[in-house]
Number of protein chains: 2
Amino acid sequence: MAVTISDVAQAAGVSKGAVSYALNGQPGVSDATRGRILQVAKDLGWKPSLRAKGLSSAKAYALGLVVARDPKLLGTDPFFPAFIAGIETTLAEHDYTLVLSVATAPGAEERAYRKLADGGRVDGVILTDVRHNDSRIGLLRELKLPAVTLNRPDSGSPFPAVSMDDTDGITAAVEHLIALGHVRIGHVGGAQEYIHGRSRRRAWESALAATGLAADLFAEADFTARGGVAATAELLRRADRPTAIVYANDLMAMAGQSYAQSQGLSVPGDLSVTGYDNAEFTQYLNPPLTTISTDPMRWGRVAAQALLDQLNGTHSGKDTDLQAPSLLVRASTGPVPATPNQHATKQANQ
Amino acid sequence: MAVTISDVAQAAGVSKGAVSYALNGQPGVSDATRGRILQVAKDLGWKPSLRAKGLSSAKAYALGLVVARDPKLLGTDPFFPAFIAGIETTLAEHDYTLVLSVATAPGAEERAYRKLADGGRVDGVILTDVRHNDSRIGLLRELKLPAVTLNRPDSGSPFPAVSMDDTDGITAAVEHLIALGHVRIGHVGGAQEYIHGRSRRRAWESALAATGLAADLFAEADFTARGGVAATAELLRRADRPTAIVYANDLMAMAGQSYAQSQGLSVPGDLSVTGYDNAEFTQYLNPPLTTISTDPMRWGRVAAQALLDQLNGTHSGKDTDLQAPSLLVRASTGPVPATPNQHATKQANQ
DNA sequence: AGAGTTTACTGAACCGGTTCAGTGACGGGA
DNA sequence: TCCCGTCACTGAACCGGTTCAGTAAACTCT
């Protein structure tokens with residue numbers, strides 16, 4: 001139906017081979033002929049068929065991303081859209097597209113990777129939300145699918161990683177709170193099965209330990225608003241409740257802040273709160289959220305580039321370290337209350 | 001590298017053609033031979049190459065989605081992730097994948113569609129965020145790319161639409177507020193270039209007109225938190241300010257609610273607020289948001305199915321109408337204040 | 001039993017590119 | 001002037017499937 005390379009060859013009075021050379025900048029055709037072929041191709045509106053190209057070159061010209069999050073969470077977590085936008089920024093400059101899979105049902109994740117690998121739909125994948133002892137590493141190895149991981153997996157991984165350290169940000173948040181006089185600093189963590197859930201928790205622990213404070217006020221949640229509320233409620237029920245809570249993401253922080261306010265606590269008067277990600281909405285909360293400003297778009301850009309480099313063999317094999325995100329102080333953090341607010345504590349205990 | 005159909009043919013002692021027939025359930029092979037071929041294929045772990053398949057069948061086995069939103073907005077709008085998850089639900093049952101493009105820069109959108117169409121990367125696309133006199137309709141026609149649209153474009157469109165009416169929800173919200181005694185009901189609309197921005201505004205106007213109320217309290221925003229704040233500020237500055245605001249989405253409602261509170265207004269004591277979408281976070285706001293509960297996942301599922309049907313010729317060509325979303329009353333709406341809160345008005349005017 | 005039909009399969013062409021071996025023309029060096 | 005090397009290009013094979021025309025054997029019918 002569409003115009004093929006044979007049409008161009010015929011119109012230009014040369015063979016298919018010559019056209020192929022001319023269009024790919026390969027030697028083997030004179031400049032005059034090359035120019036003529038290019039002109040004819042343009043006049044005819046020829047566009048190379050990706051399918052045919054892929055068949056002979058054994059490439060898919062596509063990268064894969066499997067997202068295995070609960071769609072509920074996906075919906076409000078600003079990470080992925082920005083991350084994907086970053087990937088696209090890189091891909092737009094190359095002849096690649098992004099194939100996205102969302103795996104919600106259990107078991108769907110492995111099926112998704114197999115689906116991408118089996119028919120040769122993608123040339124490589126970007127692995128996000130790396131988990132403790134992540135089984136996908138072995139899977140991708142088995143499927144012989146090139147990959148890059150976001151952050152370095154704790155089990156061995158043969159794939160290059162693109163890392164954005166979250167230690168610095170959390171440390172800065174804790175130090176900021178300590179500087180404000182807080183000593184009871186809690187942490188509402190993301191699911192600890194994720195390595196970024198773990199590393200944020202460890203960073204919080206270390207920062208407290210460095211000042212000799214106890215890291216007893218931990219509650220595990222799942223990065224969702226619902227989980228954030230539950231974990232916050234748990235921490236506020238404790239006898240010696242926190243005067244500040246460091247959350248592992250903005251969504252939980254927002255939900256926790258709202259919950260605390262609904263229990264009669266003032267933020268930051270009775271409770272200081274920090275988030276993580278610097279989602280757009282954080283600056284429009286009441287009070288605006290102190291958070292850690294990450295750059296998922298850049299992360300996506302770099303990860304896609306690393307994968308492309310790996311595919312065409314120009315990758316060094318070394319991990320890439322992106323600049324660590326930094327603390328953004330807004331109005332949800334303030335000085336430690338002089339004495340615990342008994343009224344609020346009582347309410348929170350109910 | 002991988003095992004091909006020729007390997008299977010050789011191992012089974014038949015020709016390539018026979019293998020192809022056997023594997024596709026076509027007649028032309030005896031049951032005995034078919035069984036043998038299937039067994040051999042299984043033993044060898046043969047997976048058909050999508051590329052080769054696509055070349056001969058002239059299909060890409062992929063659907064395209066171009067998202068042309070500001071990544072900032074994308075990040076917090078819960079629509080897309082859930083919508084995409086819905087698409088995946090359908091695609092998982094078919095041998096199709098989703099190719100996602102995010103177009104952020106101006107002009108990138110058209111380039112993205114061309115990129116998908118040119119190499120034959122996708123067999124069809126789903127058109128979201130339809131705009132007034134949407135130029136993409138003509139573009140897709142020119143590119144001969146099959147499509148379905150989300151809601152029916154206001155300019156003529158040859159593509160089937162999958163619609164989810166937003167009139168009922170907005171109408172219900174306005175009627176709910178009227179029942180609570182409100183007469184000054186404002187609307188913070190999304191960008192009016194979008195048809196869903198327009199239809200929500202019109203629904204608000206009609207619902208007010210039906211009760212003889214004036215629809216003068218309109219402010220256009222852009223579906224972002226920042227825009228929501230600006231529009232809310234504008235409405236609250238008006239001499240005869242609203243006692244209730246109907247927002248075109250949750251994000252603006254959240255931001256507007258926070259802004260009003262920061263100006264000393266109580267929600268819903270001084271100002272009632274409604275959103276649209278029922279994003280997860282809305283129930284964890286303080287107060288929880290009265291909103292309209294949509295089902296983007298179902299929308300994605302149905303839209304993908306409609307496109308697939310169209311591609312294999314089984315589509316009726318008629319538009320599909322999904323069940324209209326319904327109002328979900330929570331605590332951000334309440335009775336109209338007895339008299340305008342002078343203190344708050346003064347603050348809001350500052 | 002002979003003619004006609006059906007079944008089961010083969011071989012080759014084809015999809016639209018890439019790539020490699022081969023060929024004729026031309027230029028340069030001795 | 002002859003020989004060799006280079007250049008510019010052609011023709012064909014190839015990637016891994018699908019599909020069509022052709023064929024031999026088995027089956028049906030009278």
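Protein chains get the first letters and strands the later ones, always in sequence-line order, with residue 1 at the start of each. If you're wondering where the values come from, they're calculated on a predicted model, not measured in any experiment.
- For the atom pair CG of A/L50 and OG1 of A/T97, the computed distance is 7.0 Å after rounding to the nearest 0.5 Å.
- Contact annotation: side chain of B/K16 to base of D/dG17, donor-acceptor pair present below 3.5 Å.
- Residue contacts shown for A/K47 are limited to sugar-phosphate atoms, with no base heavy atom under 4.0 Å away.
- If you check D/dT19, D/dC9, C/dT18 against the side chain of B/S20, the one that comes closest is D/dT19.
- Across all strands, B/V19 comes closer than 4.0 Å to no nucleic acid atom at all (heavy-atom distances).
- Atom CD of A/E193 sits in a crowded spot, with more than 12 heavy atoms from other residues, nucleotides or ligands closer than 6.0 Å.
- One can place OH of A/Y61 at 8 Å from P of C/dT18, the figure rounded to the nearest angstrom.
- Nucleic acid contact class of B/G120 (heavy atoms, under 4.0 Å, all strands): none.
- One atom, CD1 of A/I37, and another, P of D/dA8, lie 12 Å apart when rounded to the nearest Å.
- Residues A/G13 and B/L55 each lie close to DNA chain D; by heavy-atom proximity, the contact nearer the 5' end of the strand is made by A/G13.
- In this structure, B/S30 reaches the C/dC9 phosphate: one of its side-chain N or O atoms is under 4.0 Å from OP1 or OP2.
- Computed from coordinates, the A/R51 CZ to C/dG17 P distance equals 10 Å when rounded to whole Å.
- The line from CG of A/L308 to CG of A/L311 is 6.0 Å long, rounded to the nearest 0.5 Å.
- Counting to the nearest Å, the C1' atom of C/dG16 and the CH2 atom of A/W46 are 9 Å from each other.
- As rounded to whole Å, 12 Å separates atom C1' of D/dT19 from atom CD1 of B/I5.
- Taking only side-chain nitrogens and oxygens, B/S15 comes nearer than 4.0 Å to OP1 or OP2 of C/dT10.
- Contact annotation: side chain of A/Y21 to base of D/dC7, donor-acceptor pair absent below 3.5 Å.
- For A/T4 and C/dG16, the shortest distance from a side-chain N or O to OP1 or OP2 is not below 4.0 Å.
- Remark: A/T33 is in phosphate contact with D/dC9, judged by side-chain N or O atoms under 4.0 Å from OP1 or OP2.
- A/N24 has its CG atom 15 Å from the C1' atom of C/dC20, to the nearest Å.
- Toward the 5′ end of DNA chain C lies the nearest nucleotide of B/V14, the other residue of the pair A/S49 and B/V14 mapping further downstream.
- Ring-centre distance between A/H196 and A/Y194: below the 6.0 Å cut-off.
- The distance between atom CG of A/L23 and atom C1' of C/dT19, rounded to the nearest whole Å, is 15 Å.
- Taking atom CD of B/Q26 as the reference point, atom P of D/dT19 lies 6 Å away to the nearest angstrom.
- In the displayed structure, B/Q26 atom CD is contacted under 6.0 Å by more than 12 heavy atoms of other residues, nucleotides or ligands.
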